[in-house]
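Predicted, not measured: the structure shown is a model, and the values here were computed from it. Note on naming: letters A, B, ... go to the chains in the order of the sequence lines (proteins, then strands), and numbering restarts at 1 for each one.
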Amino acid sequence: MIERIRELLNREPAEIPVTAQGWVRTKRDTKHVTFLEVNDGSCLKSLQVIIDRNSREVTDTLNRVSTGASVSCTGRLAESPGKNQKVELHADTIELIGEAPPESYPLQKKRHSFEFLREIAHLRPRTNTIGAVARVRNAMSRAVHTFFQERDFLYIHTPIITTSDCEGAGEMFQVTTLPLNQVPMREGSPDYSRDFFQKPANLTVSGQLEAEIYALAMTNVYTFGPTFRAENSNTSRHLSEFWMIEPEMAFCTLEGNMEVAESFLKYVFSHVLETCREDMEFFNQWIQKGVIDSLSSVAEGVFTRMTYTDAVKELTAAPVSFEYPVSWGADLQSEHEKYLTEQVCRGPVIVTDYPREIKAFYMLLNDDEKTVRAMDVLVPRLGEIIGGSEREYRYDVLTRRILESGLDPKDYWWYLDLRRYGTVPHAGFGLGFERAVQYVTGMQNIRDVIPFPRAVGSAEF
RNA sequence: UCCCCUGUAGCUCAGCUGGUAGAGCGGGUGGCUGUUAACCACCAUGUCGGCGGUUCGAGUCCGUCCGGGGGAGCCA
């Protein structure tokens with residue numbers, strides 16, 4: 001394989017011929033030579049290639065080279081007299097592999113709006129910002145796996161298609177092979193016995209319940225996979241298809257859960273700061289001023305721990321007026337979370353022990369019967385980035401909580417079985433991967449941190 | 001789903017209280033130059049999102065539909 005441009009840019013000038021391949025970002029002509037900026041996605045920077053227009057053949061080739069064209073250039077790496085780069089490629093030969101007619105190629109040298117780039121999602125990774133997002137997203141994925149693998153967590157592939165209609169985390173996409181123009185009916189409703197799975201099936205909204213199954217056998221596991229929500233929500237923070245990370249740990253209480261969540265965030269953020277320095281400086285300068293500082297302070301700072309009850313006390317005593325009133329029993333609004341992280345704790349805070357009414361049935365009920373062992377990790381600038389809990393592991397209590405939530409224990413038979421056979425305290429949390437990428441890059445819209453965003457009315461490419 | 005904003009050249013936008021359209025960038029042509037947001041000159045840009053209405057006349061006002069953005073709710 002040809003050496004990548006990232007490697008070439010780090011090399012010293014030498015006489016040995018090297019080849020660079022990539023896509024032309026810009027072309028500039030002077031009297032006798034042509035300058036190309038060639039980028040291959042290996043890093044933010046492009047390689048400056050200089051070609052002497054000393055023959056008719058080279059001139060003809062260069063006339064057809066324009067922004068977006070793919071080229072292969074061979075020559076010597078030389079010290080650059082220009083101030084924007086250390087080395088440059090003095091090419092003896094240039095091969096035009098694929099033209100990009102300038103009258104129709106949509107990408108220009110100037111800045112484009114992200115809205116426009118979304119319409120050309122097949123070409124947008126060739127821009128500085130989307131390219132940088134792709135590299136940071138990749139580094140974060142890698143860090144997620146490394147973090148858990150180094151701690152002996154097993155990566156579990158939980159199902160994409162599920163027939164348990166009990167996940168209750170949002171609207172689901174139905175999966176069916178029934179003919180939609182003539183659905184077989186039985187007693188007034190679709191006859192699912194004739195559907196592919198012989199019962200209603202959906203795309204998963206969470207892998208947590210299945211992760212719990214494996215945690216209660218393998219001890220420590222995690223999932224990292226696609227998740228689907230059919231909610232009709234059109235915001236800069238929601239996608240219909242997104243990636244979620246869900247660790248689940250047996251013999252673990254909320255304290256252990258908090259420790260893992262804190263070290264997890266610190267690990268991933270540190271990894272990006274260390275390995276994506278150039279891209280992060282780009283985001284810091286052009287996308288979100290101060291993003292490096294805020295990431296560093298999370299990576300190095302302390303995570304304050306606070307119960308929901310104490311948080312409400314802090315907010316009630318706050319010398320500011322909130323748009324939404326604070327009262328025990330009500331969920332924290334984003335303005336409240338912002339105040340806690342930015343004013344009270346001046347850094348990340350983990351809020352625990354929420355009222356049972358505003359949290360899910362599977363969270364461990366405290367002895368006070370009023371609160372559950374839930375935790376939300378809040379960070380400055382964003383608010384909630386992680387939500388998790390210690391799970392209810394007592395069969396009787398869980399059955400009671402299912403009933404109280406208006407659900408049918410029969411639908412949860414296998415989930416309850418885990419509490420009948422060898423139950424054990426366990427805990428876990430969930431993290432929306434794209435939200436984390438948004439936080440790290442400072443990108444405003446979640447649709448720009450996933451290669452091919454799916455949202456209401458939008459699934460192009 | 002609700003509220004607000006928005007849709008004009010390939011892109012980013014201007015177009016006041018109604019009188020059939022402009023700029024910058026991009027593109028083309030020529031010039032200059034080890035250039036790097038290159039520079040200078042000239043040239044061409046268009047169903048003003050769709051449909052309907054008011055009016056002598058609609059980019060502009062009204063209705064409606066579609067697309068985009070922001071906020072809320074829901075959440076990750």
*Which value, in whole Å, describes the distance between the C1' atoms of nucleotides B:G18 and B:A23?*
23 Å
_Considering every strand and a 4.0 Å limit on heavy-atom distances, what is the contact class for A:Glu384: base, sugar-phosphate, or nothing?_
nothing
_As a test of reading the structure: which of B:G70, B:G69, B:G34 is closest to the side chain of A:Thr30, going by heavy atoms?_
B:G34
_RNA chain B: 5'-proximal contact among A:Pro81 and A:Phe116 (nearest heavy atom)_ = A:Phe116
*Just how far is it from atom CG of A:Leu36 to atom OG1 of A:Thr26, taken to the nearest 0.5 Å?*
7.5 Å
*How far, in whole Å, is B:A44 from B:G49 if one measures between their C1' atoms?*
24 Å
*Between B:U29 and B:U45, how far apart are the C1' atoms? Round to whole Å, please.*
15 Å
_Heavy atoms only, 4.0 Å cut-off, all strands: where does A:Glu37 land among base, sugar-phosphate and nothing?_
base
Report, one line per pair, each donor and acceptor closer than 3.5 Å where one atom sits in a side chain of residues 450-461 of chain A; sequence neighbours left out.
{"from": "A:Arg454", "atom 1": "NH1", "to": "A:Glu460", "atom 2": "O", "distance (Å)": "3.1"}
{"from": "A:Arg454", "atom 1": "NH1", "to": "A:Phe461", "atom 2": "O", "distance (Å)": "3.4"}
{"from": "A:Arg454", "atom 1": "NH2", "to": "A:Phe461", "atom 2": "O", "distance (Å)": "2.7"}

*Could you check how far NZ of A:Lys86 sits from P of B:G34, rounded to whole Å?*
26 Å
*Hey, does A:Leu107 reach any base, or is it just sugar-phosphate, or nothing, if we go heavy atoms under 4.0 Å?*
nothing
*Please state how far atom CZ in A:Arg111 lies from atom C1' in B:G10, giving the value in whole angstrom units.*
18 Å
*asked:* With side chain to side chain donor-acceptor pair (under 3.5 Å) as the criterion, how do A:Arg28 and A:Thr30 come out once you've worked through the C-alpha distance, each side chain's angles and the decisive distance to 0.1 Å?
replied: CA-CA 7 Å; A:Arg28 293 180 294 271; A:Thr30 65; over 6 Å; no
*asked:* Does a side-chain N or O of A:Arg28 approach OP1 or OP2 of B:A38 to a distance below 4.0 Å, or not?
replied: yes
_Side-chain ion pair, A:Arg137 and A:Asp279, N-O less than 4.0 Å_ = no
*For the side chain of A:Asn232, starting at C-beta, report the closest nucleotide among B:U12, B:U35, B:U1.*
B:U1
*Where the side chain of A:Pro102 is concerned, which of B:G69, B:G28, B:U36 is the nearest nucleotide?*
B:G28
*asked:* Strictly by Watson-Crick or wobble contacts shorter than 3.5 Å, is anything paired with B:A72, and which nucleotide is it?
replied: B:U1
*asked:* In whole Å, measure the gap between the P atoms of B:C25 and B:U33 for me.
replied: 22 Å
*d(CG, A:Leu332; P, B:C75) in whole Å*: 13 Å
*asked:* At 4.0 Å (heavy atoms only), tell me whether A:Glu115 reaches a base, stays on the sugar-phosphate, or touches nothing.
replied: sugar-phosphate
*Could you state the atom-to-atom distance from CG of A:Asp29 to C1' of B:G27 in whole Å?*
15 Å
*Closest to the A:Asn445 side chain, choosing from B:G70, B:G71, B:U36*: B:G70
*Picking from B:A72, B:U35, B:G10, which would you name as closest to the side chain of A:Gln108?*
B:G10
*At under 4.0 Å, does any side-chain N or O of A:Gln48 touch on OP1 or OP2 of B:G34?*
no
*Nearest-Å distance, CG (A:Asp448) to P (B:G69)?*
9 Å
_P spacing across the pair B:G69 / B:U36, given as an integer number of angstrom_ = 36 Å
*Under 4.0 Å between any heavy atoms, over every strand shown, what does A:Gly430 touch: base, sugar-phosphate, or nothing? Just pick one.*
nothing
*Atom CZ of A:Phe114 and atom C1' of B:G70: how far apart are they, to the nearest Å?*
16 Å
*Should A:Asp40 and A:Arg6 count as an ion pair when the cut-off is N to O under 4.0 Å?*
no
*Tell me what A:Thr227 touches on the nucleic acid: a base, only sugar-phosphate, or nothing, going by heavy atoms under 4.0 Å.*
nothing
_Considering every strand and a 4.0 Å limit on heavy-atom distances, what is the contact class for A:Gln85: base, sugar-phosphate, or nothing?_
base
*Does the pair A:Asp60/A:Arg64 count as a salt bridge with the N-to-O cut at 4.0 Å?*
no
*NA contact type, A:Glu88, heavy-atom cut-off 4.0 Å: base, sugar-phosphate, or nothing?*
base
*asked:* Restricting to ring-ring contact (aromatic ring centres under 6.0 Å, His included), what partner residues turn up for A:Phe269, sequence neighbours left out?
replied: A:Tyr439
*Of the candidate nucleotides B:G73, B:U1, B:G34, which contains the atom at the shortest distance from the side chain of A:His238?*
B:G73
*Quick one: label A:Arg237 by what it contacts on the DNA or RNA (base, sugar-phosphate, nothing), any heavy atom closer than 4.0 Å.*
base
_Could you tell me how far B:G28 sits from B:C62 if I compare only their C1' atoms? Round to whole Å._
43 Å
*asked:* Strictly by Watson-Crick or wobble contacts shorter than 3.5 Å, is anything paired with B:A41, and which nucleotide is it?
replied: B:U29
*Should A:Glu255 and A:Arg373 count as an ion pair when the cut-off is N to O under 4.0 Å?*
yes
*Can you tell me how far P of B:U1 sits from CD of A:Glu231, to the nearest Å?*
12 Å
*Given RNA chain B, 5'-ward residue of the pair A:Lys31 and A:Thr26, judged by closest heavy atom*: A:Lys31
*Inter-nucleotide P distance (B:C16, B:U64), Å rounded*: 24 Å
_So, OP1 or OP2 of B:C75: does either fall under 4.0 Å of a side-chain N or O from A:Ser233?_
no
_Integer angstrom distance from the C1' of B:U55 to that of B:C40_ = 48 Å
_Checking base pairs now: Watson-Crick or wobble, both atom distances under 3.5 Å. What partners B:G63?_
B:C51
_Please report the distance, rounded to the nearest Å, between CD in A:Gln333 and P in B:G71._
15 Å
